[in-house]
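These notes concern the structure reproduced below.
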Amino acid sequence: MSWLDYFRAARKDEPPPSASAAKERLQIVLAHERIGRTREDFLPRLQQELVAVVARYVAIDPGKVKLDLDRGGDMSTLAIEIELPAPTPGRQAAAG
Amino acid sequence: MAQVIVVTSGKGGVGKTTTSAAFATGLAQRGKKTVVIDFDVGLRNLDLIMGVERRVVFDIVNVIQGEARLNQALIRDKRVDTLAILPASQTRDKDALTREGVSTIIEELSADFDYILCDSPAGIEKGALLALYFADQAIVVTNPEVSSVRDSDRILGVLQSKSKRAEEKKDKVKEHLLVTRYDPNRVERGEMLKLEDVREILAIPLLGVVPENESVLKASNTGTPVIMDTESVAGQAYKDAVGRFLGEDLPHRFLEPDKKPGLFRRLFGGRAA
Ligand SMILES: Nc1ncnc2c1ncn2[C@@H]1O[C@H](COP(=O)(O)OP(=O)(O)O)[C@@H](O)[C@H]1O
Ligand SMILES: [Mg+2]
């Protein structure tokens with residue numbers, strides 16, 4: 001390291017220690033992976049089935065389904081955003 | 001009956017081969033009849049780290065395929081007479097190792113040795129699975145770094161589900177955590193996971209902590225297992241770990257950072273080794 005780097009490193013605007021972020025991220029991801037080891041992770045199937053239920057009532061474009069999963073420590077959230085088509089007069093339900 | 005110990009990690013480059021060489025040598029120095037097997041078929045390296053690369057004639061694949069007898073393939077160490085090495089093949093592919101073949105070899109070695117160490121390849125594929133399949137005990141080598149810790153956790157799951165002991169519903173494989181390449185200075189600066197964090201996350205008994213140390217590279221340059229460098233901190237840390245493995249109650253050392261170098265040293269001096 002050059003002597004200039006020394007002054008750069010000594011400046012007070014260093015980022016906060018990253019080790020605590022490492023620990024937190026590991027604890028969360030491993031909690032989920034350990035569950036997956038003993039039984040199958042149900043979230044992918046839950047997503048599929050929920051979308052299938054909606055498709056029974058409205059014709060949806062599979063390209064317009066947005067899935068957002070956030071695995072957290074205490075709680076995970078699964079957000080499914082399905083864009084419903086504008087109502088077409090004379091049409092009751094999706095064809096299938 | 002010999003105890004079969006796998007040195008494993010999931011992730012590559014964390015120090016499995018360094019540990020296998022040091023641990024096997026350490027056990028042998030304590031009078032235990034020890035053989036260390038390289039399971040990294042295609043990427044043989046244990047021979048270099050042990051300094052026996054020029055004496056390899058046959059390898060484990062030759063034995064499995066009946067081209068050589070086990071005794072012809074075993075290399076007896078010239079420094080420690082209770083130590084032997086069974087090299088991996090450099091030219092064959094991984095499929096040359098079969099479970100039946102390895103089983104026969106381990107059975108045969110069991111009659112002559114106290115400890116059979118298996119140096120696992122990286123990954124959780126065939127070679128790694130075979131290296132851990134027959135294990136009674138596992139040394140899980142982990143660096144204080146997110147991907148290494150995650151892979152160690154994964155390999156612990158594999159030990160608990162895919163080892164012979166798991167399949168036969170016997171007592172589970174005894175697990176030991178060995179944290180290597182630990183840098184107390186970086187831990188102090190908050191750049192590296194603390195030992196306590198790694199222990200808390202993996203939650204298996206701690207066998208030892210080997211600091212990041214230049215002596216490991218030097219030892220590999222000369223083909224001397226680092227445990228033979230009795231002056232080095234890594235060598236001493238491995239020696240302690242072997243002692244603990246054999247039931248001794250030894251405090252963990254080398255966990256504290258060096259004294260802060262003065263401004264002058266930081267500006268003009270080299271790094272302390
Ligand atoms: N305690 C340590 N300090 C410094 N370097 C180390 C240490 N342990 C291992 N290394 C280095 O890390 C690299 C990978 O080690 P190796 O034992 O071959 O890992 P693996 O068998 O898990 O792939 C090697 O270059 C080795 O010299
Ligand atoms: Mg290796």
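All values below come from the heavy atoms of this structure, side chains included, with hydrogens, waters and symmetry mates left out. Letters A, B, ... mirror the listed sequences (proteins, then strands); counts begin at 1.
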In B/D197, B/V146, B/D153, the residue satisfying side chain to side chain contact (heavy atoms under 4.5 Å, CB included) with A/L26 is B/V146
For [X], is the [atom1] atom crowded, meaning more than 12 foreign heavy atoms sit under 6.0 Å from it?
X	atom1	value
B/K174	NZ	no
A/D61	CG	yes
A/E81	CD	no
A/R25	CZ	no

inquiry  = Go through it in stages, so that I can follow the logic: the residues are B/K194 and A/K23, the test is side-chain contact (heavy atoms from CB on, under 4.5 Å), and I'd like the CA-CA distance, side-chain angles, deciding distance and then a yes or no.
reply    = CA-CA 9 Å; B/K194 287 199 283 282; A/K23 182 186 182 186; over 6 Å; no
Check whether any side-chain heavy atom of A/E33 sits under 4.5 Å from a side-chain heavy atom of B/R150, and report yes or no.
-> yes
Of B/E145, B/E200, B/Q160, B/M192, the largest count of non-hydrogen pairs under 4.5 angstrom with chain A goes to B/E200
